[in-house]
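In each ligand, atom 1 is the first atom listed, and ligand 1 is the first ligand listed. Just so it is clear, the values below take in all heavy atoms, side chains as well, and ignore hydrogens, waters and symmetry mates.
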Amino acid sequence: MRIGILTGGGDCPGLNAVIRAVVRKGEGIYGHNIVGFRYGWRGVMEGETVDLTVPGTRGLLPRGGTILATSRTNPYRTDDGVARVLDTLRRLHIEAIIAIGGEDTLGVAHKLSADGVKVVGVPKTIDNDLSATDFTFGFHTAVQIATEAIDRLHTTAESHDRVMVVEVMGRHAGWIATYAGLAGGADMILVPEEPFDIAEVCAQIEQRHRRGPTFSIVVVAEGAVPVEGTIAVQSGEVDEFGHVRLGGIGYLLQEEIERRTGFETRVTILGHVLRGGTPTAFDRVLATRFGIAAIDAAHEGEFGVMVALRGTDVVRVPIEEGVRELKTLDPTLYDVASVFFG
Ligand code: F6P
């Protein structure tokens, strides 16, 4: 069988590990022909492919990014997009596609599956906000990078008696902020799920500095929002999937905290650093298990499914379950983190 594989949406550590696993078992054990599509769904629409072989995918396990490149192209928002996808698959004799992506890429996979395309989904996102899987690969790496940054910011915050605001990714969900905040001992964590009241944030910081210690670490997810009517936030550009470009709430917090409390405040925006570089051991293993499970599903002719981690098992679930709604932060986890606030 000729099987296509693509990576869509934002890149994340572990994508290459999935590709390597799919090729190793797909070609090496099952004897399938694996064809890579460049730039996610855009490459399928444009028929831009690259042959993937076992020798050609050696050494990929620790490599960040994606050798296939990625884009946020949505065939359902492009003229003749779906017809072009179907045409490419027919022309190149590709019988099935393994789509590695987050809610947008898998949302397209789900629709194409309903339109008769044989698809297997692999969930990825550093945000960890996909339903039906306990974890997505990339998340653990992002948390590790953020935690190391928070550790470093601690020592400089303490030396200067400063408030350090650390902005991390997390558009709709505060998973990275909460995990990294917990692991790094943050004094305050602000997440999209819990609109924050700037007056309360400042009151807690002031109380802490009065009592000592006289420095604070505030971790904020880029998608965190103030309680309506408290402080104004700017909105940015929107992509093909309707997502606003975020990044900047940290600056607002820096200004407000310094103005309201009088404490010197600095902001660090970790941004794409969280998505770059080598995956952690956990993510290498998870990505490899997902890749093997995806090629197994395709080989066995089970389509319209996404591989997922449930407890310690990798299972198959309908793609729809993964994209139906976002998996927002578990409130009990936030409760644990909030014990250490202030
Ligand atoms: O979806 C993953 C993610 O890293 C989000 O956390 C972030 O908001 C977004 O991608 C950034 O996208 P881009 O790389 O297109 O700016």
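- Taking a cut-off of under 4.0 Å to the non-hydrogen atoms of Glu222, the atoms of ligand 1 that pass are 5 (C), 6 (O), 7 (C), 8 (O).
- Of all the atoms in ligand 1, the ones that sit under 4.0 Å from a non-hydrogen atom of Gly170 are 6 (O).
- Here the shortest heavy-atom pairing between Arg284 and Ala17 reads O-CB, 4.4 Å.
- The closest side-chain heavy-atom distance from Pro13 to Ile126 is below 4.5 Å.
- At least one N or O atom of Asp127 sits closer than 3.5 Å to an N or O atom of ligand 1.
- For the residue pair Arg2/Asn33, the side-chain donor-acceptor check at 3.5 Å is satisfied.
- Here is the list of ligand 1 atoms found below 4.0 Å of a heavy atom in Arg275: 3 (C), 4 (O), 9 (C), 10 (O), 11 (C), 12 (O), 13 (P), 14 (O).
- Minimum interatomic distance between Val314 and Leu309 (heavy atoms only, all atoms of both residues): CG2-CD1, 4.2 Å.
- Remark: ligand 1 atoms within the under-4.0 Å shell around heavy atoms of Arg72 are 9 (C), 10 (O), 11 (C), 12 (O), 13 (P), 14 (O), 15 (O).
- Ligand-side atoms of ligand 1 in range of Ile126: 4 (O), range being under 4.0 angstrom from any heavy atom.
- Annotation: side chain of Trp41 is in contact with side chain of Ile97 (closest heavy-atom distance under 4.5 Å).
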